[in-house]
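Everything on this sheet refers to the single structure shown next.
Letters A, B, ... are given to chains in the order of the sequence lines, protein chains preceding strands, and every chain is numbered from 1.
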Amino acid sequence: MHAMSETPFLIQSLNDRQREAVSAPKSNLLILAGAGSGKTRVLVHRIAWLIEKLGVHPHQILAVTFTNKAAREMQARIEELHGSKMPAMWVGTFHGLAHRLLRQHTAEANLSDGFQIIDSDDQLRILKRLQKNLDLDEHRWPAKQTQWFINKQKEEGKRAKDITPSDYYEETMLRIYNAYEALCQRSSLVDFSELLLRSLELLTHNKDIAAHYNNRFQQILVDEFQDTNSIQYEWLKALSSPDSNLMVVGDDDQSIYSWRGAKIKNIQNFNRDFSDCKTIKLEQNYRSTENIVSAANAVISFNKKRLGKKLWTSGDQGDMITVYCAFREQDEAHYTVSKIQDWVEKGHRYGDVAILYRSNAQSRVLEEYLLDANIPYRIYGGQKFFERAEIKDALGYLRIMSNRQDDAAFERVVNTPSRGIGETSLNKIREHAKTMQTSLWNASLDMINKSLLTNRAHNSLKTFMALVDDLDQDTQNLPLAELTEQMLAASDLIHFYQRDKSQNGIARIENLEELITATKQFKLEDPPEQMTSTPLAAFLVHVALETGEGQAEAYADYVNLMTMHAAKGLEFPLVFITGMEEDLFPHKMSSNKPEGLEEERRLCYVAMTRAMKKLYLTYAESRSLHGTEEFHRPSRFIQEIPKELLEHVRPKTNVNQPSEAYHRPASQTLRGQKAAGTGLRVGQRVKHAKFGAGIILNYEGTDAQTRVEVQFENYGTKWLVANYAKLEPA
DNA sequence: TCTATGGTGATTTTT
DNA sequence: TCACCATAGA
C-alpha cells in the first residue's frame with residue numbers, strides 16, 4: 001500500500017499539537033479544537049494512523065458526525081488519504097448509524113423489516129390527529145408542545161412507562177405519548193429520536209448484541225462532541241467498552257445548541273466518565289487574521305464556564321474590524337451591499353462573502369438591496385427539498401405503496417388530490433381504526449367489506465385503495481424512476497399541480513420532476529439501505545435521513561446569506577455580521593439568563609471566527625420589528641472587543657454636500673425619522689431663540705443626550721443637544 | 001372544496 | 001408588519 005510510505009510525510013505537515021493527537025497511543029482522547037484549528041484534518045489523519053501504525057482494522061472503527069455533509073466529507077477525505085475505499089469502516093451520523101443498527105437487528109429491536117423513518121413534520125401531523133382522537137382541545141394542548149415533550153423525553157432516554165406524572169399536564173402528555181408509541185409501533189414508523197432510543201435499548205437489552213459491537217468497535221471517533229445530547233452520550237457509552245477507545249473532538253466555546261438538548265456537560269465531564277483520558281488542545285488557528293482572532297478571543301473571554309483555550313495565529317495582523325453604525329436597517333443593508341461591490345471590483349468573488357444574522361427575518365431587507373444591486377445571492381437553510389409539500393405528497397404515495405400500515409402516509413394522500421373522501425368519512429375510518437386497534441388501511445378494508453360508509457365515500461375509498469394496490473402490483477419490477485412517474489400520473493398528483501398556473505405551481509412541477517431525477521440518481525450504495533426489502537423502501541430510507549441539502553452548483557458565485565447558527569463549520573474571506581444590537585443579538589429571549597447570554601456569546605464567537613480576511617460588524621440605531629420602530633443599543637459584544645482592533649464608521653448626512661456613498665439611503669431613510677426622545681423629525685422646519693429658522697438634517701444618540709443637526713438659514717449648520725436647545729416647530 | 005378573512009404570535013434547527 | 005393558522009361561508 002502506497003499509503004504506508006506517505007504517512008510520515010503527512011504527519012510532518014501537522015503542527016505539534018495536531019501530531020500529538022494523531023499519533024497518540026491507543027487511549028481515550030479529548031481533543032479541544034478551536035475554530036479553524038484543523039480538527040477534521042486531525043480526525044482523518046488519526047484514522048489513517050490507527051489503521052497504518054496501530055494495526056487497527058477499518059472494520060474496528062466507528063466515526064460519528066452530526067450532519068450527512070460532515071459524514072460525507074470525512075469519508076471522502078479518509079479514502080483520499082488512504083488511497084482506496086473503506087467499506088468496512090462505519091462512518092455516518094448518529095441517526096444514520098442508529099438506523100443501521102436497527103436494520104441489522106430488526107427482530108431484536110421489535111421492528112418489522114419494512115419499518116420506515118418519519119420526519120418531524122410527519123410526527124406533528126400524527127400527534128395532531130391523535131390528540132383530536134383523544135378529544136383534546138388543540139388550544140389547550142398545542143401539538144407542537146406535545147411533540148417537544150415527547151422528543152425531550154426520548155432524548156433523555158425515557159419511555160412513557162418510565163415517567164410518573166406529577167401533574168395533570170404530564171398526565172395528559174403521557175396519555176398522548178402512550179398512544180403515539182402504540183401507533184408508531186403498529187404502523188412500523190420510527191421518528192428521529194426513536195432511532196437513537198430504540199438502538200440504545202437494543203444494546204442495553206441484548207447483552208450479546210452489545211458484546212458483539214463492543215468487541216468490534218475498538219476505536220470510536222466523534223466529531224462536534226459539544227453538540228451531543230444525553231441519549232447520544234449514552235449511545236456512545238453503550239457502544240464502547242473498557243477495551244475500546246473514544247476520541248472525541250469538539251469545542252466548548254462553539255456549543256450553540258443547548259436549546260436543542262446538547263449538553264455541554266458531556267464535554268466538560270468526559271475526562272471523568274472515561275478513565276485514562278488524555279486532553280489535547282488545538283489552539284493554532286489557520287483561518288483568520290490576527291485581529292480577527294484577537295477580537296474573537298476577547299469576546300469569548302467574558303464567558304465564565306469554559307474549559308479554557310486561547311486561539312493564536314502566526315498569520316498576518318490583517319485589517320481592523322470595521323464597525324458600522326447605521327441609522328436604520330435599510331442603511332445597514334445599503335452599506336453592506338456597497339462594501340460587497342467594492343470587494344468584487346477589486347477582483348474577488350461574490351462567493352467569498354457571507355452575510356450573517358441572528359434571525360431569519362433579518363434577511364429580507366438585505367435581499368431587497370442585493371436584488372436591487374443585481375448581486376447574486378443564496379440563502380442557506382430555507383426549506384429542504386424533501387420537505388416541500390408536493391414532494392411529501394409524492395413520497396406519501398410511495399410510502400403507502402411500500403407499507404399499507406403507514407398511517408401517516410395514508411392520512412397524507414388518501415384525499416390528495418381530493419377524490420371525495422372528506423373529513424366526515426375520514427373520522428369514521430379513524431374511529432374504526434381506533435376501536436379495532438389497527439391501521440387506517442386495515443380499518444378501511446373492513447369498513448368496505450361491511451359497507452359501513454356512505455355510497456360516495458365507499459366508492460371513493462375503494463378507488464383509492466385499488467389505485468395503491470394496482471400501482472404497487474404494476475410497478476414491482478420497474479426501475480424507481482419509472483415507478484415514480486407512473487405513480488405521479490396514476491395518482492393524478494401531476495395533473496393536480498399542473499392546474500395551478502401560478503409561479504408557485506410551476507415551481508412545484510419542477511420539484512416533482514426533480515424528484516424523478518433524484519430517483520434516477522439513487523444508487524443502492526449504503527449497506528443499511530441494502531438491508532431493506534425493496535429498492536423503493538431503500539429510497540424512502542434515503543430521503544428520510546438525507547433531507548436534500550447542499551446540492552448547490554459547485555461553482556456558482558453567490559453571496560451567502562445565513563443565520564450565525566447555520567454558519568458553523570464554514571469559512572469566508574469576507575464576513576458581515578449584521579444586526580449587532582442588544583435584544584437582537586444577544587437576543588432578548590436569551591439574555592435574561594446567564595447561561596442564555598453565554599450561549600449567545602459563543603454564537604458571536606462562532607460568527608466572528610468564520611471570517612478569514614475581513615470582518616464587518618454592523619448595527620442599526622432603529623429597526624422596524626414586528627411592525628413597530630424599535631431603538632436598540634449597540635450589542636454589548638462590540639464593547640467586549642478591544643478598541644484598538646476596531647474602526648468605527650458612521651454615515652455622514654449633510655443635505656448640502658451629500659457624501660457619495662451614503663447619498664441614497666441617507667436622504668431616503670432619514671427623512672421623517674424621529675430623533676428619539678425629542679419629538680423632532682429629520683426634515684422638519686424649526687425655530688431657535690437665537691439662531692432663528694432652520695431645518696433638521698440629522699440626529700445622534702437615543703436618550704436625554706440626543707443631539708440634532710440643524711441647518712439654520714443665517715448661521716450655517718450646528719449640532720445642538722435637543723433637550724437644551726428648545727427648538728420650536730416652525 | 002375552495003377562498004376569504006381574522007386572530008395570533010414572532011430565535012436559533014439537524015436528523 | 002407579515003406570515004401562518006383555523007374557521008366560516010359560498
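- Between A/Y213 and A/W90, the ring planes lie tilted relative to each other; the angle falls in the 30° to 60° range.
- You'll find that the side chain of A/W259 is closest to B/dT13, out of B/dC2, B/dT13, B/dT15.
- With A/S624 as the partner, the side-chain hydrogen bond (donor to acceptor under 3.5 Å, both in side chains) test is satisfied by one option alone out of A/E329, A/E629, A/R328: A/E329.
- Counting only heavy atoms from C-beta on, A/E138 has its side chain closest to C/dA6 among C/dT1, C/dA6, B/dT15.
- Between the side-chain ring of A/Y257 and the base of B/dT13, no stacking contact exists by the 5.5 Å and 30° definition.
- Counting non-hydrogen atoms under 4.0 angstrom, A/E155 reaches nothing in the nucleic acid.
- Within the nucleic acid shown, A/R364 comes within 4.0 Å of sugar-phosphate atoms alone, with no base atom in reach, counting heavy atoms only.
- Note on ring orientation: taking the six-membered ring where Trp is involved, the planes of A/H542 and A/F522 are tilted (angle from 30° to 60°).
- DNA chain B is contacted by A/T563, A/H565 of residues 561-570 of chain A, taking any non-hydrogen atom closer than 4.0 Å.
- Phosphate contact (OP1/OP2 of B/dT15, side-chain N/O of A/N68, threshold under 4.0 Å): present.
- With B/dT14, B/dT12, B/dT15 as the candidates, the nucleotide lying closest to the side chain of A/H95 is B/dT15.
- Counting any heavy atom pair closer than 4.0 Å across all strands shown, A/D119 reaches no nucleic acid atom.
- Rounded to a whole Å, the CD atom of A/Q123 is 14 Å from the C1' atom of B/dT14.
- Side-chain proximity of A/N415 to the nucleotides B/dT1, C/dA6, B/dA10 is greatest for B/dT1.
- Ring pair A/Y257/A/W259 is tilted by interplanar angle, where 30° to 60° counts as tilted.
- Look at the P atom in both B/dT13 and C/dC4: the space between them is 16 Å, to the nearest Å.
- In this structure, the side chain of A/T146 engages the main chain of A/P142 through a donor-acceptor pair within 3.5 Å.
- Under 4.0 angstrom from either OP1 or OP2 of B/dT15 there lies at least one side-chain N or O belonging to A/T547.
- Heavy-atom contacts from other residues, nucleotides or ligands closer than 6.0 Å to CZ of A/R456 number 12 or fewer.
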